[in-house]
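Residue numbers run from 1 in the order of the sequence given. Atoms within each ligand, like the ligands themselves, are counted from 1 in listed order.
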Amino acid sequence: MSANAEIARLLDETAAMMEVLGENRFRVAALQRASRVISGLGVDLAQIAQDREALLAIDGVGDKIADKIQEYVRTGRIAEHDEYAQRIPSGVLDLLGVPGLGPKTVGLLWREKNITTLAGLKRALEDGSILDLPRMGKRSAERIARALAFTESSGSRTPIGVAMPIAESIVVRLEASARGATAVYAGSLRRGRDTVGDVDILACATDADAVSRAFREAPEVAEVLAAGATKSSVRLRAGDTGRLIQADLRVVERRALGAAMLYFTGSKDHNVALRERARARGLTLNEYGLFPDDGGPTPPQVRGVTPVAAKTEAAIYSKLGLAHIPPELREDRGEIAAAEAGALPDLIEPDHISAELHAHTTASDGSLSIEALAREAQRRGFHTVAVTDHSKSQTVANGLDEARLREHIASIRAVNERMRGVTVLAGAEVDIHADGSLDYDDDTLALLDIVVASPHWALTQKPADATRRLLRAIEHPLVDIVGHPTGRLIGKREGLSPDIAELCAAAAEHGTALEINAHWMRLDLRDTHVRAAVEAGAPIAINCDVHSERDFDNLRYGVMTARRGWLPADRCVNAWSARRLRAWLGRRR
Ligand code: DGT
Ligand code: CA
Ligand code: CA
Ligand code: ZN
């Protein structure tokens with residue numbers, strides 16, 4: 001884990017504990033802001049911690065925070081964090097993770113009812129004793145019960161953006177551990193699911209022992225659960241989330257690597273369908289290969305039967321009469337019939353993306369200047385980047401009122417004049433109010449090259465209200481993209497549940513793009529929504545919602561989600577040429 005991630009986590013946790021204890025809210029806000037800035041920082045704090053001036057030059061880092069950073073780099077701890085942690089039972093922090101349970105309520109639950117665990121909260125909800133709390137009505141209690149059920153159902157899965165970097169670093173480590181070793185990750189991670197239950201890794205090497213040892217001794221390992229000759233299981237520390245994730249390693253024969261990859265990538269439903277198909281063709285498929293089905297009593301690999309195919313996935317698919325099916329499609333959602341008919345979609349790839357259409361600067365809550373943003377977009381090979389800072393209602397994010405927006409547009413146009421090779425569009429991320437009206441009037445919106453409209457609050461609306469709200473934004477003639485349409489935060493907030501089919505039909509009719517927000521905490525639209533949009537013919541945007549340089553790296557998760565929704569490149573506005581993009585944006589202006 002990088003020093004930055006750990007410092008950001010400790011500051012954020014300190015802020016949460018102070019809030020529960022009812023301490024000064026300006027100090028709480030300062031810690032939260034510093035935590036946000038640090039987690040998006042491009043430089044490694046451990047490298048620059050000696051240089052106090054450099055620390056103080058970071059936005060949001062004052063003397064007190066600089067002290068804490070230096071303390072952490074020197075000692076590996078932040079004493080203030082530890083002091084607060086002593087004063088609060090650890091389960092109280094879990095309570096803060098329940099969406100909609102604010103620190104004030106958590107503090108009350110603890111002091112008034114001695115509730116310090118999720119289980120205790122559940123009991124108080126069930127026996128109704130929670131209603132004794134001041135200002136706790138039936139409706140609030142019901143809302144908390146729903147949120148608790150949501151937390152319980154999603155709590156054991158890890159977001160892909162947390163699991164992927166760990167899996168990749170382990171794969172690199174295993175490949176370096178023995179001469180000629182190969183390692184790959186499989187399972188839901190390879191299929192690009194938004195969360196994973198555990199991480200499945202396959203390796204082959206002549207020195208199986210060396211690879212297994214490297215796996216069990218990796219620095220991320222917190223606990224070894226099993227250590228066999230070809231199978232090991234461990235628990236890993238998962239990034240800056242403070243939680244653990246299980247990882248399984250299987251060492252397999254190189255000549256059967258394709259069969260093992262196919263089996264352990266899954267999904268289970270996809271595998272079941274493939275095995276049925278094999279059987280119908282007089283073959284049998286397992287994790288060791290595709291074999292002729294001779295009806296023998298023991299498994300064919302045990303009897304030394306030569307497989308029809310085993311070394312590569314492509315060979316196995318081919319012998320089953322199928323085109324190679326990309327991992328993201330392997331969910332038994334029609335991909336086998338499509339592969340048989342040669343009708344698999346021409347899926348979008350990261351390299352197709354050449355525009356970022358949702359990015360924030362220091363004018364609102366981003367950490368890059370307009371110019372730095374433009375240079376980063378150019379460095380990543382993009383022809384276009386849209387500056388879309390927050391609108392006026394987003395006061396915590398320093399949203400722009402009309403006067404500031406006008407100045408900002410002028411600054412964006414000035415940067416655009418100076419930049420060669422990348423076009424900088426003047427845009428805004430405009431709040432969609434609860435009733436579907438927008439945060440700027442039409443005259444103001446008409447000044448912009450591009451408008452992203454997003455819901456940021458009132459995210460517990462009834463489905464019918466949410467549908468009406470989002471439809472109004474989709475139908476608005478000056479809205480180009482609806483940003484993170486449901487507002488969900490994975491494992492933290494359920495978000496809106498609009499009628500997706502209705503939204504997709506409207507988006508197709510009006511040519512409004514629906515966004516896949518690529519941040520791994522959002523991935524909103526989710527895969528099944530993307531599939532509905534593709535089927536309805538609606539355009540899709542894949543945006544990184546850039547607040548710092550590193551946010552561009554989340555693009556891969558957005559693209560994986562798009563592929564899981566069967567999105568072809570030509571339906572994604574970010575993959576269009578500059579000319580086609582300009583024509584689309586100009587269609588109603
Ligand atoms: P996860 O970890 O819950 O996000 O989902 P997966 O898909 O990674 O599932 P996991 O880790 O239990 O197993 C990895 C793959 O191994 C799975 O996608 C298919 C295969 N697999 C595991 N157990 C079975 C099984 O009992 N039958 C079949 N056909 N395949 C299995
Ligand atoms: Ca798994
Ligand atoms: Ca597994
Ligand atoms: Zn945004």
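- Protein N/O/S atoms nearer than 2.8 Å to the Zn ion (ligand 4) total 4.
- The distance from ligand 1 to the heavy atoms of R191 drops below 4.0 Å at these ligand atoms: 7 (O), 18 (O).
- Nearest N, O or S atom of D200 to the Ca ion (ligand 2): atom OD2.
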Using distance only, find each side-chain donor-acceptor pair of residues 224-231 under 3.5 Å and give its atom names and separation, not counting sequence neighbours.
none

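- In D198, the N, O or S atom that comes nearest to the Ca ion (ligand 2) is OD1.
- Atoms of ligand 1 found under 4.0 Å from any heavy atom of S267 (numbered from 1 in listed order, with element): 18 (O).
- Remark: ligand 1 atoms within the under-4.0 Å shell around heavy atoms of G197 are 1 (P), 2 (O), 3 (O), 4 (O).
- Considering only non-hydrogen atoms, atom 10 (P) of ligand 1 lies nearest to D200 out of D269, D194, N286, D200.
- Minimum heavy-atom separation, A260 to V252: CB-CG1, 4.0 Å.
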>> One pair to check against side chain to side chain contact (heavy atoms under 4.5 Å, CB included): S548 and D551. What are the steps and the verdict?
In response: CA-CA 6 Å; S548 70; D551 290 342; 3.8 Å; yes
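- Using a 4.0 angstrom heavy-atom cutoff, T265 counts as in contact with ligand 1.
- In summary, the atoms of ligand 1 found under 4.0 Å from a heavy atom of N271, numbered by their order in the structure, are 19 (C), 30 (N).
- Atoms of ligand 1 found under 4.0 Å from any heavy atom of G187 (numbered from 1 in listed order, with element): 8 (O).
- Close approach of ligand 1 to V196 is summarised as follows: ligand atoms under 4.0 Å from at least one heavy atom of the residue are 4 (O).
- Atoms of ligand 1 found under 4.0 Å from any heavy atom of R275, numbered from 1 in the order shown, are 29 (N).
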